[in-house]
Amino acid sequence: MKRILFAVMLLAAPAALAAETAPLAKAPAPVAGPVIVQVGDSALTLAAIEQLPLRQSRMANPWSPDGALWLGVRLADLLAAHGLAGRDVALRAKDNYTIRLKPTDITGDEPLLATRVDGKPLDPTTTGPLMLLWPAQAEKVMAKTAPDSNWIWGIVEIKAAP
Ligand SMILES: Nc1nc2c(c(=O)[nH]1)N[C@H]1C(S)=C(S)[C@@H](COP(=O)(O)O)O[C@H]1N2
Ligand SMILES: [Mo]
């Protein structure tokens, strides 16, 4: 009976996940791999990040215009786990593109630090190793009525901003 209920919930999920993120019932198989990001004083692997509560959001965005299931952790949870709660933070990507976020930019489940798309780690030659997503903004970004400058891909460093 429980199994049937889960199956029904899974079928209903795509619509229910449209805007915000939802918790993940079952963690995906961990992926072994190297350090991919520096967060505060810690050098972290994908598996280390995925120790935090996992969240998912099905959305279309400029990097998955046909829609995809994005998986990751709340940026807020990662910052809290590394002593960065309440701080201004700088996120730097592999191309050195950098954004700065204030604590007030982080509300509820937003933003999502994505570790996977459709079950697979992000492609290291494009959006990987990590990408910041704002699921509640996805529809506006697709309609080009909101900017995507804070949708930073290729994140390699997150630290307190000076
Ligand atoms: N790492 C990184 N992320 C980024 C940017 C960038 O230059 N580097 N540009 C931002 C802006 S302003 C836009 S419009 C989109 C562009 O996405 P694209 O570089 O995949 O075309 O990514 C956003 N995230
Ligand atoms: Mo942009």
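Predicted model, so just to flag it, every value in this text is computed and none were measured. In each ligand, atom 1 is the first atom listed, and ligand 1 is the first ligand listed. For the numbers below, each heavy atom of this structure counts, side chains included, while hydrogens, waters and symmetry mates do not.
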Partner of Val73 under side chain to side chain contact (heavy atoms under 4.5 Å, CB included), chosen from Ile49, Leu130, Thr21:
Ile49
Contact between Ile106 and Pro111 at the side-chain level, heavy atoms closer than 4.5 Å - yes or no?
yes
Do the side chains of Trp153 and Asp95 get nearer than 4.5 Å, heavy atoms only?
yes
Mind checking whether Pro135 and Trp70 have side chains closer than 4.5 Å, heavy atoms only?
no
Please work out, at 4.0 Å between heavy atoms, whether the side chain, the backbone, both, or neither of Asp95 comes within that distance of ligand 1.
side chain
Trp63, portion touching ligand 1 at heavy-atom distance under 4.0 Å
side chain
Less than 4.0 Å from atom 1 (N) of ligand 1, is there any heavy atom belonging to the protein?
yes
Atom 24 (N) of ligand 1: which protein heavy atom is closest, and how many Å away?
Trp151 O, 2.8 Å
If the test is side chain to side chain contact (heavy atoms under 4.5 Å, CB included), which one of Asp88, Leu79, Asn150 qualifies with Leu101?
Asn150
Looking only at protein heavy atoms, which one is nearest to atom 13 (C) of ligand 1, and what is the separation?
Asp148 OD1, 3.2 Å
Between Val141 and Asn61, is there a side-chain heavy-atom distance shorter than 4.5 Å?
no
Short version for Tyr97: what comes under 4.0 Å of ligand 1, heavy atoms counted, is side chain
Within the 4.0 Å heavy-atom cut-off, what Ala93 brings close to ligand 1 is side chain
Which residue supplies the protein heavy atom nearest to atom 18 (P) of ligand 1, what is that atom called, and how far is it?
Trp153 NE1, 3.7 Å
